[in-house]
Protein chains: 2
Amino acid sequence: MAAKNSSSLKDIAAKLGISIATVSRALQDNPAISKATRERVAQAAREMNYSKNFIADSLRSGQLPVIGVIVPHAVTLFYSSVLDGIEQVAAQDGYAVINMNSHESYEEERCNVRSLQNLHVAGIIASVTQETEDFSHFDALAKEHLPVVFVARDIPTRNYSSVTADSVEAAHRATRHLIEQGCRRIAILCGPNRLKMVTERKHGYIEALHDNRLLVRPEYVAYSDINTQAAMQATERLLSMPERPDAIIALNDTLLFAAMKAIKNKGLDMPDDVALIGFSDVEYAEYVSPSLSTIEDQSRLMGETACRILLNHINGSPAPVKKIIPTIQRVRESSCKKR
Amino acid sequence: MAAKNSSSLKDIAAKLGISIATVSRALQDNPAISKATRERVAQAAREMNYSKNFIADSLRSGQLPVIGVIVPHAVTLFYSSVLDGIEQVAAQDGYAVINMNSHESYEEERCNVRSLQNLHVAGIIASVTQETEDFSHFDALAKEHLPVVFVARDIPTRNYSSVTADSVEAAHRATRHLIEQGCRRIAILCGPNRLKMVTERKHGYIEALHDNRLLVRPEYVAYSDINTQAAMQATERLLSMPERPDAIIALNDTLLFAAMKAIKNKGLDMPDDVALIGFSDVEYAEYVSPSLSTIEDQSRLMGETACRILLNHINGSPAPVKKIIPTIQRVRESSCKKR
DNA sequence: TTGAAAGCGCTAACAC
DNA sequence: GTGTTAGCGCTTTCAA
């Protein structure tokens with residue numbers, strides 16, 4: 001069962017008739033070792049197919065060359081991109097990445113933190129669940145000097161590093177864009193209010209209306225669970241109002257595609273009857289007709305940034321850093337009035 | 001830097017004035033230890049917030065409780081689902097998962113294998129790159145008794161376990177479905193021929209035509225690079241033929257959505273002028289109009305299965321297992337003639 | 001029922 | 001320039 005085949009320093013030392021320490025030093029290109037010895041060792045190591053045992057190293061240093069990541073669901077374009085960014089940056093510094101999914105469950109999140117702690121990873125990047133309100137499991141890490149960086153979803157009022165998207169500004173810009181297109185009755189299709197993402201984006205929307213001296217109409221703020229059925233119904237309610245909205249902002253993928261379907265079902269023209277723009281990371285927004293305008297997170301960049309910050313912490317820089325990553329607005333057919 | 005805070009057996013032993021060995025045994029519920037001692041130890045461990053150091057364990061056993069995974073690109077619905085399946089099964093057995101991306105590069109794949117080997121993971125699940133033809137890096141693992149399972153993309157004629165999709169049968173079934181819809185001029189839109197996925201699916205298509213005594217027309221077999229531009233052009237060429245195909249099978253997501261766009265651009269009715277079905281894992285196939293018929297891999301199940309097989313190998317069952325996972329055909333509007 | 005000691009592979013402090 | 005030794009945290013003989 002146990003793989004006990006790779007050669008060790010001991011094997012090389014024995015073969016060359018020198019001490020283990022000398023081999024160790026030679027392999028580290030320690031200048032104290034004579035060139036001749038260094039070369040003999042290098043040679044032998046190559047021949048014997050030596051590879052350093054990181055575990056032994058880790059036992060001494062107290063940590064594995066591994067970064068732990070906890071996300072709600074890796075099976076989404078957003079989080080898999082974040083992970084991809086993390087992995088790339090980590091690999092450049094010789095760190096591997098262990099991912100765990102919390103499945104939006106607080107209990108699982110606590111388990112994940114414990115598991116990573118037990119594995120003695122060098123640091124953790126986390127995107128907390130929607131239900132996480134108690135952060136003691138993360139505070140415990142701080143006590144052990146295990147650095148943590150939060151990504152995508154920050155935690156409130158704490159001394160942690162984080163990398164988040166500029167939600168408020170993104171929603172503000174999207175609303176501005178619709179206003180510039182001539183829309184005056186702009187509705188917003190939200191997920192459940194308890195999500196921070198929702199409150200932030202809604203905030204940006206309201207600000208933009210204010211800034212442009214447009215009325216905020218409560219009836220234009222629609223809420224829906226995040227599933228196609230519910231979102232289609234919510235959209236239909238918006239579209240059946242006496243003063244029908246002339247634009248809709250959808251706060252995520254699911255809501256966006258559902259809104260599109262509801263608008264089409266109703267036989268309305270998009271964008272001329274109703275313009276549509278939504279927060280979404282999926283490329284398929286471009287392939288449907290009309291192609292859908294979107295606000296896209298720079299998810300990969302968020303991952304890369306979070307990992308860079310974490311590596312700094314691992315290397316001893318303790319000051320927390322809060323980084324905000326701008327979003328990208330992709331204006332396509334669904335939000336451009338033909339005039 | 002080093003996290004040197006969690007308490008160790010030594011700490012507990014010191015506090016209780018007993019030996020480390022006794023503590024170790026007590027914690028393992030070794031019946032040789034008196035109940036009183038066991039309880040005292042358990043109590044102290046709890047109080048001191050003891051957690052076992054897996055690394056020390058791993059140094060002895062020679063392997064980490066971690067499974068390594070290598071995929072071409074985790075940022076796809078297919079591979080992120082495979083990973084999700086692997087992770088879930090691994091977690092049940094107390095294993096974490098390290099993922100690495102080869103980015104379809106043979107060199108990176110070799111690096112990844114080496115990295116995982118150096119980390120002394122307990123086993124590896126891999127989906128080889130399109131360019132991998134030499135498998136010596138995997139053979140090296142076998143020599144070290146490091147178990148390997150291939151997933152999604154098998155490697156030829158080797159004594160390895162694998163989990164793959166039933167591509168030939170899937171294409172056969174899709175072709176049959178179109179024939180049942182009354183289609184007689186069925187075209188297939190392929191990616192580059194060097195991909196095994198392409199040759200297999202093409203094989204199923206040809207078999208199905210044969211079985212139904214339909215002619216295989218070479219001009220109906222279109223090749224395209226896997227990008228929207230190229231695929232749209234290839235589709236346009238098909239649609240401009242004197243005897244226009246009355247159905248198209250697209251071999252992946254990108255080809256499928258591009259074909260849809262080309263058919264619409266041409267003003268043809270789907271499915272009545274041209275029926276369309278494609279291999280795809282994305283949910284958005286359902287949201288466009290007409291909704292797109294697809295053949296879907298059971299990617300999550302493939303991951304789960306691969307991981308179960310790997311865990312068996314890790315636990316000492318050496319015989320290689322080849323498992324084939326059926327696909328799911330989702331018939332939607334784009335392939336159902338209205339009659 | 002418990003303790004002492006060896007050893008997993010490596011590095012670093014301390015000789016010489 | 002090189003060797004000796006201790007020690008990271010744990011399990012496991014071997015002794016008592």
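Numbered from 1 within each chain, the chains take letters A, B, ... in sequence-line order.
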Checklist entry - Of all the nucleotides listed (D:dG3, D:dG7, D:dG9), which has the minimum atom distance to the side chain of B:Asn53? => result D:dG9
Item to check | Bend angle of the helix from C:dT1-D:dA16 to C:dC16-D:dG1, from helix axes over five pairs at each end, nearest 10° | outcome: 50°
Checklist entry - Among side-chain atoms of A:Glu47 and A:Gln43, is any donor-acceptor pair under 3.5 angstrom? => result yes
Item to check | D:dG3 base / A:Arg25 side chain donor-acceptor hit below 3.5 Å | outcome: yes
Checklist entry - Does a donor on one side chain sit under 3.5 Å from an acceptor on the other, for A:Asp139 and A:Tyr160? => result yes
Checklist entry - Rounded to whole angstrom units, what separation is found between the CG atom of B:Leu9 and the C1' atom of D:dG9? => result 7 Å
Checklist entry - Which nucleotide, C:dC10, C:dT2, D:dT11, lies nearest any side-chain atom of B:Thr22? => result C:dT2
Item to check | Distance-only donor-acceptor check, side chains B:Asp134 and B:Ser136, under 3.5 Å | outcome: yes
Checklist entry - Please give, in whole Å, the distance from C:dT11 P to A:Asp57 CG? => result 5 Å
Checklist entry - Closest to the B:Ala32 side chain: D:dG3, C:dC8, C:dT2? => result C:dT2
Checklist entry - Looking for any heavy atom pair under 4.0 Å, which part of the strands does B:Ile55 touch: base, sugar-phosphate only, or nothing? => result nothing
Next on the checklist: Whether the B:Ser58 and B:His120 side chains hold a donor-acceptor pair (N or O, under 3.5 Å, no angle test) is what I'd like checked.
Outcome noted: no
Checklist outcome for this item: A:Asn118 CG to D:dG9 C1', in whole Å, measures 14 Å
Item to check | Atom-to-atom span, CD1 of B:Ile20 to P of C:dG7 - whole angstrom | outcome: 17 Å
Checklist entry - Rounded to whole angstrom units, what separation is found between the CG atom of B:Asp11 and the C1' atom of D:dC8? => result 13 Å
Checklist entry - Heavy-atom count around B:Lys196 NZ within 6.0 Å, excluding the residue itself: above 12? => result yes
Checklist entry - Does a side chain donor of either B:Ser102 or B:Asn112 reach within less than 3.5 Å of an acceptor in the other side chain? => result no
Next on the checklist: As a test of reading the structure: which of C:dC10, D:dT5, D:dC10 is closest to the side chain of A:Tyr50, going by heavy atoms?
Outcome noted: C:dC10
Item to check | B:Pro31 vs B:Leu59, nearer the 5' end of DNA chain C by closest nucleotide | outcome: B:Pro31
Item to check | Test salt bridge (charged side-chain N to carboxylate O under 4.0 Å, His left out) applied to B:Glu104 and B:Arg153, step by step | outcome: CA-CA 12 Å; B:Glu104 296 286 7; B:Arg153 301 177 180 171; 3.0 Å; yes
Checklist outcome for this item: Separation of C:dT1 atom P from B:Asp29 atom CG, nearest Å, is 14 Å
Checklist entry - Is B:Thr37 touching bases, backbone alone, or none of the nucleic acid, heavy atoms closer than 4.0 Å? => result sugar-phosphate
Checklist entry - Among side-chain atoms of B:Gln117 and A:Ser51, is any donor-acceptor pair under 3.5 angstrom? => result no
Next on the checklist: In whole Å, I'd like the distance from the CD atom of A:Gln28 to the P atom of C:dG9.
Outcome noted: 17 Å
Checklist outcome for this item: Taken to the nearest whole Å, NZ/A:Lys10 to P/D:dG3 is 16 Å
Next on the checklist: Once you apply a heavy-atom cut-off of 4.0 Å, does B:Ser24 come out as touching a base, just sugar-phosphate, or nothing?
Outcome noted: base
Checklist entry - Does a nitrogen or oxygen in the side chain of B:Ser34 sit under 4.0 Å from OP1 or OP2 of C:dT2? => result yes
